[in-house]
Chemist: 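Take this structure first; my questions come after.
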There are 2 protein chains.
Amino acid sequence: MFVCLFALGIPVPGKGDQMLSNSDAALLFKALSDETRLKIVDMVSEVELCACDILEEFELTQPTLSYHMKILTDSGLVQARKDGSWMRYTLNADIAGSLRDYLAQITADNKGANAGRRQHSNCSCQGTCEG
Amino acid sequence: MFVCLFALGIPVPGKGDQMLSNSDAALLFKALSDETRLKIVDMVSEVELCACDILEEFELTQPTLSYHMKILTDSGLVQARKDGSWMRYTLNADIAGSLRDYLAQITADNKGANAGRRQHSNCSCQGTCEG
DNA sequence: CAAACATATAGACATTCCTCTATATGTTAA
DNA sequence: TTAACATATAGAGGAATGTCTATATGTTTG
């Protein structure tokens, strides 16, 4: 039977993304533990944005936004690129993927020694999902 | 072409789990922003455990563990069940699933108006995944 | 160069977080 | 009922967080 390894929280082999350490994951979740930063992640996952574009969407001062961007880039979840006087931000899709894998891993209940493969409750792939 | 909706971060219809609000998600990520709590989540996702079982795995005092369990249960990520003198803890799989969906959603780059369905980088389902 | 623009840093301040000790509450067992 | 066990609560203290104002740094433009 084919199952969706991703949905089971099993890192897909050959993808090159390694399981995050607990401390890295804690840092990434801390970066996501603030509503402002959640909105920023959502924004920069769609399209590259400069700080001034992001600032317009919030009622924050420029230094406060800079503080949040530093937390996001230090965690690795957001990439910064300097373009003249602008800083352009995008999501780091690899880190985001690793964090999704990590979250799936620690919330999966198939980690015991005798855990068998089975359909994950959150996967729509009714057994047809390649594993 | 069939794609994996789950891996795309699109809530699977008919599952009954609603997209979390930003503030709920921030609270859940805050619950996960501490290494001790990450380990606890990993532990209780495998098997129901009482506080004393969990305490043995850490170099913490009992009140400190109680503090962490309160944060985890208040967030909804962990369920508590009183059994005589013991508190038994398990992962709330529904909330965990909603959080995985939320994370997939805000880190997906397919949210624009003209976004097309396509294979997600973290899904092993090579187009065979039912959507 | 000087002015305007974009961003970062420094420092202050209130709040929250994580840990502890001490103690309280509730449950089981002798 | 008393002792032992399991957990929760109160309160303290130091560290971290999120916000601001003021200022510094670097870039573009007239």
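Naming convention: chains lettered A, B, ... in sequence-line order (proteins, then strands); numbering from 1 in each chain. Note that these values count all heavy atoms, side chains included, but never hydrogens, waters or copies made by symmetry.
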Chemist: Working to the nearest 0.5 angstrom, can you tell me the gap between A/Leu72 CG and A/Ile95 CD1?
Modeler: 12.5 Å

Chemist: Working to the nearest 0.5 Å, report the span between SG of A/Cys52 and CG of A/Leu65.
Modeler: 10.0 Å

Chemist: Would B/Leu32 and B/Tyr67 show up in the same hydrophobic cluster when neighbours are defined by side-chain heavy atoms closer than 4.5 Å?
Modeler: no

Chemist: Give the B/S/- string for nucleotides 24-30 of chain C, one per nucleotide from 5' to 3', where a protein heavy atom under 4.0 Å of the base yields B, of only the sugar-phosphate yields S, and otherwise -.
Modeler: --BSS--

Chemist: Backbone N or O of B/Lys30 within a donor-acceptor pair of the B/Ser33 side chain at under 3.5 Å?
Modeler: yes

Chemist: Can you tell me how far OH of A/Tyr102 sits from CG of B/Leu103, rounded to the nearest 0.5 angstrom?
Modeler: 13.0 Å

Chemist: Write down the distance between CG (B/Asp53) and C1' (D/dC5), rounded to a whole number of angstrom.
Modeler: 14 Å

Chemist: Using atom CD1 of A/Ile54 as one end and atom P of C/dA6 as the other, report the distance to the nearest whole Å.
Modeler: 14 Å

Chemist: Round to a whole Å and report the spacing from CZ of A/Arg88 to C1' of C/dA6.
Modeler: 11 Å

Chemist: For DNA chain C, which residues of residues 23-41 of chain A approach it to below 4.0 angstrom with any heavy atom?
Modeler: none

Chemist: Which whole-number value in Å describes the distance from A/Leu60 CG to D/dT19 P?
Modeler: 6 Å

Chemist: So how far is it from B/Ser75 OG to B/Ile71 CD1, rounded to the nearest 0.5 Å?
Modeler: 9.0 Å

Chemist: Can you tell me if A/Thr90 uses its side chain to pair, donor with acceptor, with the backbone of A/Val44 under 3.5 Å?
Modeler: no

Chemist: Is there a donor-acceptor pair closer than 3.5 Å between any side-chain N or O of B/Thr64 and the backbone N or O of B/Leu60?
Modeler: no

Chemist: Can you measure from CD (A/Gln105) to CG (A/Leu20) and round to the nearest 0.5 angstrom?
Modeler: 11.0 Å

Chemist: Any side-chain to backbone donor/acceptor pair from A/Arg37 onto A/Ala31? Under 3.5 Å, distance only.
Modeler: yes

Chemist: Looking for any heavy atom pair under 4.0 Å, which part of the strands does B/Tyr89 touch: base, sugar-phosphate only, or nothing?
Modeler: sugar-phosphate

Chemist: Would a distance-only check, ignoring hydrogens and angles, find a side-chain to backbone donor-acceptor pair under 3.5 Å from A/Ser45 to B/Ile106?
Modeler: yes

Chemist: Within less than 4.0 Å of OP1 or OP2 of C/dT19, is there a side-chain N or O belonging to B/Thr61?
Modeler: no

Chemist: So does A/Gln62 reach the base of C/dA8 with its side chain, donor to acceptor, closer than 3.5 Å?
Modeler: yes

Chemist: Under 4.0 Å from any atom of DNA chain C, heavy atoms only: list the residues of residues 63-75 of chain B that qualify, in numerical order.
Modeler: B/Pro63, B/Thr64, B/Tyr67, B/His68, B/Ile71

